[in-house]
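Everything below concerns the one structure shown next.
Letters A, B, ... mirror the listed sequences (proteins, then strands); counts begin at 1.
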Amino acid sequence: MVAEAPSVFEQIYRVVRCIPPGRVATYGQVARMAGMPRGARTVGWAMHSLPEGTDVPWHRVINARGTVHGPPGSHGALLQRLLLEEEGIAFDEQGRIDLERYGWCGLDWAERPGR
DNA sequence: CGTATGACGAGCC
DNA sequence: AGGCTCGCCATAC
């Protein structure tokens, strides 16, 4: 085919879409799977560029601290927390997620030849 | 082509 | 313990 758009955005979206429900991944983790071990910022930029009706579970993408972007009370932050709680993700008193528990287990997604 | 930005990460003070 | 700066990568202007 010809519609081959090697945009990192699409690559990132693809990875995010692979995040199973009830699981969360960090920007660095997604970036790493997308082929950019240091492109965490790029992932954030990709999420920022996401449209509203996107099929990308952006809410499952959080920072390495297990927190969401922006100050608590923001529309996006609140929505993200709501969506995650609905998937079974538990938030800490400080609004943090236990990456050790909910962190995405997608270990070999970056090296999986059949995926 | 060069500069500035951005929903990050890790290190340093 | 908390806050700030630098580094990295890609996009937008």
According to side-chain contact (heavy atoms from CB on, under 4.5 Å), who are the partners of Ala77(A), at least two apart in sequence or on a separate chain?
Val68(A), Ser74(A)

Whether Ser7(A) side chain and Glu10(A) backbone form a donor-acceptor pair below 3.5 Å
no

Salt bridge (charged side-chain N to carboxylate O under 4.0 Å, His left out) partners of Arg17(A), counting only residues at least two apart:
Asp55(A)

Just do the side chain to side chain contact (heavy atoms under 4.5 Å, CB included) check on Trp104(A) and Val15(A) with the steps written out, would you?
CA-CA 11 Å; Trp104(A) 187 16; Val15(A) 175; 4.0 Å; yes

Under 4.0 Å, heavy atom to any atom of DNA chain C: which of residues 59-82 of chain A qualify?
none

side-chain contact (heavy atoms from CB on, under 4.5 Å) filter on Arg81(A), not counting sequence neighbours, yields Glu85(A), Phe91(A)

Donor-acceptor pairs are to be reported for all side-chain atoms of residues 37-54 of chain A against protein atoms at under 3.5 Å, with residues two or more places apart or in another chain.
from	atom 1	to	atom 2	distance (Å)
Thr54(A)	OG1	Val56(A)	N	3.1

Rounding to 0.5 Å, atoms CD1 (Ile89(A)) and OH (Tyr102(A)) come to a distance of 6.0 Å

Atom pairs under 3.5 Å, N or O on each side, protein against nucleotides 1-4 of chain B: can you list them with distances?
none

Which pair of non-hydrogen atoms, one from Ala34(A) and one from Ile12(A), has the smallest distance, and what is that distance?
CB-CG1, 3.9 Å

Does Glu93(A) have any side-chain contact (heavy atoms from CB on, under 4.5 Å) partners at least two apart in sequence or in another chain, and if so, which?
none

Atom CZ of Arg65(A) and atom CZ of Arg96(A): how far apart are they, to the nearest 0.5 Å?
8.5 Å

Considering only heavy atoms of chain A and a distance under 4.0 Å, specify the first and last nucleotide of DNA chain C in 5' to 3' order that meet this criterion.
dG7(C) to dT11(C)

Round to the nearest Å and state the distance from Trp58(A) atom CH2 to dA7(B) atom C1'.
9 Å

How long is the line joining OH of Tyr27(A) and C1' of dA10(B), in whole Å?
17 Å

Evaluate whether atom CD of Gln94(A) has more than 12 neighbouring non-hydrogen atoms of other residues, nucleotides or ligands under 6.0 angstrom away.
yes

Can you list, in residue-number order, the parts of residues 39-54 of chain A that come under 4.0 Å of DNA chain C, counting heavy atoms only?
Gly39(A), Arg41(A), Thr42(A), Trp45(A)

Taking only residues two or more places apart in sequence, or in another chain, which ones meet His59(A) in a side-chain contact (heavy atoms from CB on, under 4.5 Å)?
Pro57(A), Gln80(A), Leu83(A), Leu84(A), Glu87(A)

Kindly write out the residues that satisfy side chain to side chain donor-acceptor pair (under 3.5 Å) with Thr67(A), not counting sequence neighbours, or none if the list is empty.
Asn63(A)

